[in-house]
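Data block below; observations after.
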Amino acid sequence: MEHIKKSFKNSRKKRFSDDQIKSLETTFKAEARPELHLKHHLASKLGLQPRQIAIWFQNKRARSKSKQIEQDYSVLKSNYDNLALQFEALRKENQTLLIQVQKLRKKVDCEENNKNTIELAASEIPRLLLDINGNELCGELNGRVDYLEEEADADVLYMAQIAESSLASPENGCSLESCYFLDNSGCSAQWWDF
DNA sequence: TTGTGTTTTATTGCCTCC
DNA sequence: GGAGGCAATAAAACACAA
């Protein structure tokens with residue numbers, strides 16, 4: 001610290017005049033790193049020491065650099081904020097579309113289920129009607145029961161496969177809860193209602 | 001007027017280049 | 001090795017609210 005005190009002991013710091021600053025600023029705009037001869041020229045012109053001119057340009061470059069960093073930061077932040085807004089809007093839109101897809105999928109599956117049930121029941125009716133023997137009717141009914149049990153097993157197997165694939169790749173957009181076979185509340189007609 | 005924060009001038013030490 | 005640039009810092013000068 002002693003050397004610093006010594007440096008300032010005999011020289012009071014004095015701010016440059018407006019004209020000096022103006023001239024320095026003008027030169028800086030044209031040349032941020034002036035040659036030695038230009039520094040000497042400026043020094044004699046402004047009544048300053050060449051060392052003072054050199055220091056002024058050094059400090060000016062430092063100020064200019066930090067100002068530029070602030071501006072760059074401001075631009076980057078603005079860009080980031082805009083992107084964040086866009087991202088949030090797209091995320092919400094994506095969520096809405098996913099919900100729509102799930103509803104439509106549920107509706108389609110329900111209609112297919114109804115169609116299959118109707119076709120199955122329709123194919124059973126002629127044989128049941130033609131069979132007027134009590135025992136054979138029971139045989140037909142037993143066969144029907146066997147068929148429905150097999151179909152139920154197949155459904156369970158299918159559900160397991162879907163659930164497995166859903167868990168393996170949850171990004172496919174069909175969560176376990178949203179899959180139709182676990183939620184038939186939207187399906188008004190069942191095969192046993194037929 | 002005074003305390004406090006900001007700006008400006010100046011120094012120091014380190015690094016790179018010739 | 002000397003010259004010059006840069007980062008970090010000191011300290012004077014200045015601005016301003018209370």
Side-chain angles (χ1 to χ4, degrees), chain A residues 1-110 157-186:
Chain A
M1 269 313 169
E2 190 58 33
H3 58 278
I4 295 174
K5 286 179 183 171
K6 204 178 284 180
S7 302
F8 282 98
K9 202 160 59 178
N10 296 323
S11 62
R12 302 291 294 170
K13 194 183 281 186
K14 194 167 181 284
R15 292 213 167 185
F16 299 161
S17 70
D18 290 346
D19 287 342
Q20 286 171 326
I21 296 292
K22 195 175 176 182
S23 183
L24 288 166
E25 293 277 4
T26 305
T27 309
F28 183 82
K29 277 178 187 168
E31 181 57 66
R33 284 188 187 80
E35 301 277 341
L36 189 60
H37 70 275
L38 181 52
K39 286 177 191 168
H40 276 90
H41 172 73
L42 276 170
S44 61
K45 178 185 163 190
L46 301 174
L48 296 167
Q49 296 296 314
R51 172 74 179 153
Q52 286 179 294
I53 302 294
I55 289 168
W56 186 90
F57 273 88
Q58 248 176 52
N59 288 324
K60 180 66 180 173
R61 284 194 294 271
R63 286 194 293 269
S64 183
K65 186 180 176 182
S66 61
K67 198 173 178 181
Q68 185 62 48
I69 288 172
E70 278 181 18
Q71 284 176 356
D72 290 348
Y73 170 78
S74 179
V75 170
L76 284 173
K77 188 177 183 305
S78 175
N79 288 343
Y80 171 81
D81 289 344
N82 284 337
L83 282 174
L85 283 174
Q86 287 178 33
F87 173 79
E88 186 58 23
L90 286 171
R91 196 185 64 77
K92 283 180 179 171
E93 187 184 351
N94 184 45
Q95 193 138 1
T96 305
L97 289 172
L98 275 176
I99 290 170
Q100 286 181 21
V101 165
Q102 284 179 5
K103 284 179 181 173
L104 288 171
R105 187 177 291 158
K106 193 185 283 185
K107 195 175 177 183
V108 165
D109 289 340
C110 184
L157 185 61
Y158 180 61
M159 286 163 60
Q161 286 172 347
I162 294 291
E164 200 172 40
S165 67
S166 180
L167 288 172
S169 56
E171 71 279 2
N172 65 10
C174 177
S175 66
L176 201 57
E177 294 80 1
S178 66
C179 286
Y180 78 96
F181 48 80
L182 292 178
D183 179 11
N184 273 333
S185 58

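These values consider heavy atoms only, across backbone and side chains, with no hydrogens, waters or symmetry-generated copies. Computed from a prediction, not measured in an experiment: that's the story for all the values here.
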Read 5' to 3' with Watson-Crick or G-U pairs under 3.5 Å, [ ] for crossing pairs and | for partners on another strand, DNA chain C gives ||||||||||||||||||
- Could you label the plane-to-plane angle of the A:F28 and A:F57 rings as parallel, tilted or perpendicular, counting under 30° as parallel and over 60° as perpendicular? tilted
dist A:Q58:CD -> A:R33:CZ (nearest 0.5 Å) comes out at 10.0 Å
Please work out if A:I21 contacts a base, only the sugar-phosphate, or nothing of the nucleic acid, heavy-atom cut-off 4.0 Å. sugar-phosphate
Practice prompt. Give one of base, sugar-phosphate or nothing for A:R33, where a contact means two heavy atoms less than 4.0 Å apart.
Written response: sugar-phosphate
Does [N] have its OP1 or OP2 closer than 4.0 Å to a side-chain nitrogen or oxygen of [X]?
| X | N | value |
| --- | --- | --- |
| A:K39 | C:dA3 | no |
| A:W56 | B:dT9 | yes |
| A:Q52 | B:dT9 | no |
| A:R61 | C:dC6 | yes |

Side chain A:K13 and base C:dA11 donor-acceptor under 3.5 Å: yes
query: For the base of B:dT8, is there a side-chain donor-acceptor partner from A:R63 under 3.5 Å away?
result: no
Taking for A:S17 and for A:R51 the nucleotide of DNA chain B with the nearest heavy atom, the one nearer the 5' end belongs to A:S17
Shortest non-hydrogen pair, A:P34 vs A:K39, comes out as O-CE, 3.4 Å
*asked:* Under a plain distance cut-off of 3.5 Å, with no hydrogens placed, do A:Q86 and A:N82 share a side-chain donor-acceptor pair?
replied: no
Residue pair A:N59/A:L36 against DNA chain C: nearer the 5' end by closest nucleotide is A:L36
Within the distance-only criterion (no hydrogens, no angle test), does the side chain of A:S74 pair as donor or acceptor with the backbone N or O of A:E70 below 3.5 angstrom?
no
